[in-house]
Structures are given as structure tokens and as C-alpha cells.
Amino acid sequence: MKIIVNTSLMVPIYEQLVDQIKLLIRRGELKENDHLPSVRALSRDLKISALTVKKAYDLLEEEGFTITVHGKGTYVAEINMELLLEEQKKELQMDFEKAIQKGRRFGIDDADMKELFELLMED
């Protein structure tokens with residue numbers, strides 16, 4: 001499992017972990033019953049706090065993406081892929097809404113923002 005943490009982002013590290021693990025699940029790189037690295041091992045590999053990894057694993061479990069078996073580790077749960085995709089669409093929609101609000105604060109009109117989004121989507 002390859003996870004990259006970017007400490008220069010404004011996104012908390014535990015959220016980066018959650019997002020990357022969800023992406024691995026969506027891509028099929030992590031499947032039901034796959035074992036995730038232990039909290040200690042992942043924190044050592046990424047050189048981050050074990051509490052940060054634990055927080056990410058707890059959130060994944062709370063959202064139904066993983067199951068933790070005491071003494072045995074954390075495993076990928078059965079995933080409803082439609083629900084996962086819908087959740088990711090909602091998160092992306094919120095990000096777009098924030099970008100639009102910021103553009104309006106800078107005085108960019110809707111036509112210019114639409115042109116910018118279309119330009120970004122071409123790549």
C-alpha cells in the first residue's frame with residue numbers, strides 16, 4: 001500500500017490518509033478483507049504520529065470502510081462502491097463551491113470562472 005503524506009498541504013495528515021485509502025479501495029487496489037498496516041508500522045513508515053494514523057483508521061471504521069479486530073488488526077470492510085463514489089462527488093462539489101465563492105470574492109464573473117473550469121477539464 002503506497003501512501004504519500006504532504007506536510008505542506010493545508011489538509012490535515014489524517015484526512016490525507018483517509019482520502020488515499022478510500023481511493024485505493026475505489027481503484028480496487030484494496031479489496032474486502034485486505035489487511036491494512038498496523039498503526040505502529042504505518043506511522044513509522046510515514047514518519048508521523050501513531051495517534052494521527054489511529055485517528056485516520058478510526059474515521060475509516062466510523063464511516064464503514066474498515067473493521068478493526070482487537071489483537072488482529074484493521075481490515076477493509078465490504079464496500080458499497082456507489083455510496084463511496086457518491087460521497088466523493090459531494091466532497092468535490094463542496095470544493096468547487098468554495099472555489100466559486102473565492103472567485104467571486106476576487107471579482108471574477110461567472111463566465112470567466114466557467115471558462116477557467118472548462119480549461120482545467122481539458123487536461
Side-chain angles (χ1 to χ4, degrees):
M1 181 170 82
K2 183 176 181 177
I3 293 181
I4 299 170
V5 174
N6 185 342
T7 56
S8 65
L9 288 179
M10 296 297 289
V11 177
I13 293 173
Y14 79 93
E15 287 183 15
Q16 292 180 47
L17 294 175
V18 168
D19 291 344
Q20 289 183 51
I21 291 171
K22 285 180 183 179
L23 180 62
L24 292 171
I25 291 169
R26 195 176 98 223
R27 287 182 178 166
E29 294 176 37
L30 284 175
K31 296 177 178 34
E32 183 179 353
N33 296 322
D34 281 355
H35 187 266
L36 296 180
S38 71
V39 169
R40 184 177 295 156
L42 190 56
S43 66
R44 182 185 61 240
D45 291 346
L46 297 176
K47 295 177 177 62
I48 60 175
S49 164
L51 292 174
T52 300
V53 176
K54 175 80 168 95
K55 186 173 183 176
Y57 280 11
D58 287 347
L59 185 58
L60 286 164
E61 185 167 15
E62 182 181 306
E63 293 179 2
F65 291 97
T66 62
I67 299 169
T68 300
V69 179
H70 185 67
K72 301 222 182 231
T74 302
Y75 299 86
V76 176
E78 181 179 355
I79 302 299
N80 179 337
M81 294 306 281
E82 290 178 24
L83 185 63
L84 175 62
L85 187 58
E86 193 60 37
E87 176 188 306
Q88 290 172 331
K89 285 180 183 178
K90 284 180 184 177
E91 288 181 27
L92 186 59
Q93 182 181 2
M94 289 187 324
D95 289 345
F96 276 132
E97 287 173 4
K98 287 179 186 176
I100 290 167
Q101 290 171 0
K102 189 173 187 175
R104 286 183 177 147
R105 282 195 311 268
F106 291 154
I108 300 172
D109 65 26
D110 289 351
D112 287 341
M113 280 192 279
K114 183 177 179 182
E115 185 179 319
L116 180 59
F117 283 132
E118 288 173 354
L119 180 65
L120 293 171
M121 293 300 295
E122 288 178 5
D123 289 336

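These values consider heavy atoms only, across backbone and side chains, with no hydrogens, waters or symmetry-generated copies.
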Participant: Tell me, with the steps shown, if Tyr57 and Leu42 meet side-chain contact (heavy atoms from CB on, under 4.5 Å).
Facilitator: CA-CA 11 Å; Tyr57 280 11; Leu42 190 56; 3.6 Å; yes
Participant: Step by step, work out the side-chain contact (heavy atoms from CB on, under 4.5 Å) result for His35 and Lys72.
Facilitator: CA-CA 9 Å; His35 187 266; Lys72 301 222 182 231; over 6 Å; no
Participant: Under a 4.0 Å N-O cut-off, is there an ion pair linking Asp110 with Arg104?
Facilitator: yes
Participant: Has the side chain of Lys31 got a donor or acceptor atom that lies under 3.5 Å from a matching backbone atom of Gly28?
Facilitator: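 Checking the backbone N and O of Gly28 against the side chain of Lys31, a donor-acceptor pair under 3.5 Å is found.
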Participant: Check this for me: Glu97, atom CD, are more than 12 non-hydrogen atoms of other residues, nucleotides or ligands nearer than 6.0 Å?
Facilitator: yes
Participant: Using a 6.0 Å cut-off, check whether atom CD of Gln88 has over 12 heavy atoms from anything other than its own residue.
Facilitator: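 For Gln88, atom CD is crowded (more than 12 foreign heavy atoms under 6.0 Å).
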Participant: Suppose we call two aromatic rings close when their centres sit under 6.0 Å apart. Are Phe117 and Phe96 close by that rule?
Facilitator: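 Yes, the ring of Phe117 comes within the 6.0 Å limit of the ring of Phe96, centre to centre.
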Participant: Okay, side chain of Gln16, backbone of Val11: is any donor-acceptor separation there less than 3.5 Å?
Facilitator: yes
Participant: Using a distance-only test with no angle check, is there a side-chain donor-acceptor pair under 3.5 angstrom linking Thr66 and Glu61?
Facilitator: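 Absent: no donor and acceptor within the cut-off.
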Participant: Has the side chain of Ser43 got a donor or acceptor atom that lies under 3.5 Å from a matching backbone atom of Val39?
Facilitator: yes
Participant: Please name the residue in the list Ile25, Val18, Asp19 that meets the side-chain contact (heavy atoms from CB on, under 4.5 Å) test with Ile21.
Facilitator: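 When side-chain contact (heavy atoms from CB on, under 4.5 Å) is applied between Ile21 and each of Ile25, Val18, Asp19, only Ile25 qualifies.
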Participant: Salt bridge or not between Lys54 and Asp58? Use side-chain N to carboxylate O under 4.0 Å.
Facilitator: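 Judged by the 4.0 Å cut-off on N to carboxylate O distance, Lys54 and Asp58 do form a salt bridge.
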Participant: Quick one: do Glu82 and Glu86 satisfy side-chain contact (heavy atoms from CB on, under 4.5 Å)? Show the steps, please.
Facilitator: CA-CA 6 Å; Glu82 290 178 24; Glu86 193 60 37; over 6 Å; no
Participant: Output yes when a side-chain donor or acceptor of Glu32 lies under 3.5 Å from a complementary backbone atom of Val76, and no otherwise.
Facilitator: no
Participant: Walk me through whether Glu29 and Lys2 qualify under salt bridge (charged side-chain N to carboxylate O under 4.0 Å, His left out).
Facilitator: CA-CA 10 Å; Glu29 294 176 37; Lys2 183 176 181 177; over 6 Å; no
Participant: Carefully, step by step, assess Thr74 and Val69 under the rule side-chain contact (heavy atoms from CB on, under 4.5 Å).
Facilitator: CA-CA 6 Å; Thr74 302; Val69 179; over 6 Å; no
